[in-house]
Amino acid sequence: MDPATYSAKPGDLAELFVVRGERRIDKLAKATQPSAPLPRHRPGERFIRGPIPMAWFKPASTCGGRAEAVAVLLWYAAGFQRRNPVKLSPTVLRELNVHPKTARRVLIRMAKLGLVRNEFSRGRSPIVTITMPDAAPMD
């Protein structure tokens with residue numbers, strides 16, 4: 001097919017989105033209820049500011065026990081403190097029941113992947129800078 005002469009047809013987009021090799025999005029849309037709005041936080045209630053890039057979150061989730069919780073808490077702290085680097089205090093870690101030593105191990109693994117830069121000081125909360133890895137695939 002010559003790209004210069006190709007014109008899109010209405011069914012082409014549905015052909016791109018195959019779910020588990022058999023069901024297509026148009027079939028899923030017909031089978032489900034009308035979409036409901038996503039839940040929102042109430043005034044004064046805590047929330048996680050996003051979006052969180054999947055190119056960052058995927059490798060972060062491979063960093064061992066409680067890695068997803070630490071990743072979410074990093075983005076929560078960045079949104080709450082409105083800055084990068086963030087101070088990852090025990091108060092923030094208690095939000096999702098993450099022990100400080102567990103968070104330290106996960107942060108060290110994340111640093112090896114180039115997802116964060118850490119500053120550890122004895123008796124102090126770690127200062128963590130969220131970074132994008134250089135060779136992250138764009139999904």
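Nothing here was measured: the structure is a model prediction, and the numbers come from that model.
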Report task. State, yes or no, whether a side-chain contact exists between Arg117 and Val128 at a heavy-atom distance under 4.5 Å. Result -> no
>> What I'd like to find out is whether the side chain of Leu73 reaches to under 4.5 Å of the side chain of Glu95, using heavy atoms alone.
In response: yes
Closest non-hydrogen atoms of Val70 and Ala103, given as atom of the first, atom of the second and distance, are CG2-CA, 4.0 Å
Distance col, row Ser61:OG vs Met110:CE, nearest 0.5 angstrom, shows 8.5 Å
Review point. Does the side chain of Leu88 come within less than 4.5 Å of Leu74's, by heavy atoms?
Key: yes
**Prompt:** Quick one: does NZ or CZ of Arg46 land under 6.0 Å from the six-membered ring centre of Phe80, within 45 degrees of the ring axis?
**Reply:** no
Donor-acceptor contact present, side-chain Trp75 to main-chain Ile48, <3.5 Å: no
**Heavy-atom side-chain proximity of Trp56 to Thr131 below 4.5 angstrom** = no
Next item on the list: Kindly indicate, with the supporting measurements, whether the criterion side-chain contact (heavy atoms from CB on, under 4.5 Å) is fulfilled by Phe57 and Val72.
Entry: CA-CA 9 Å; Phe57 194 76; Val72 167; 4.2 Å; yes
Problem - Whether Thr129 side chain and Asn118 backbone form a donor-acceptor pair below 3.5 Å - result: no
Between the CG atom in Leu107 and the SG atom in Cys63, the distance rounded to the nearest 0.5 Å is 9.0 Å
I'd like to know if Ile127 and Leu115 are part of one continuous hydrophobic network [Ile/Leu/Val/Met/Phe/Trp/Tyr, side-chain heavy atoms within less than 4.5 Å].
no
Problem - Leu96 side chain near Arg66 side chain, heavy-atom distance below 4.5 Å - result: yes
The reported gap from CD in Glu68 to OG1 in Thr62 (rounded to nearest 0.5 angstrom) is 9.0 Å
Gln81 side chain to Lys87 backbone, donor-acceptor under 3.5 Å
yes
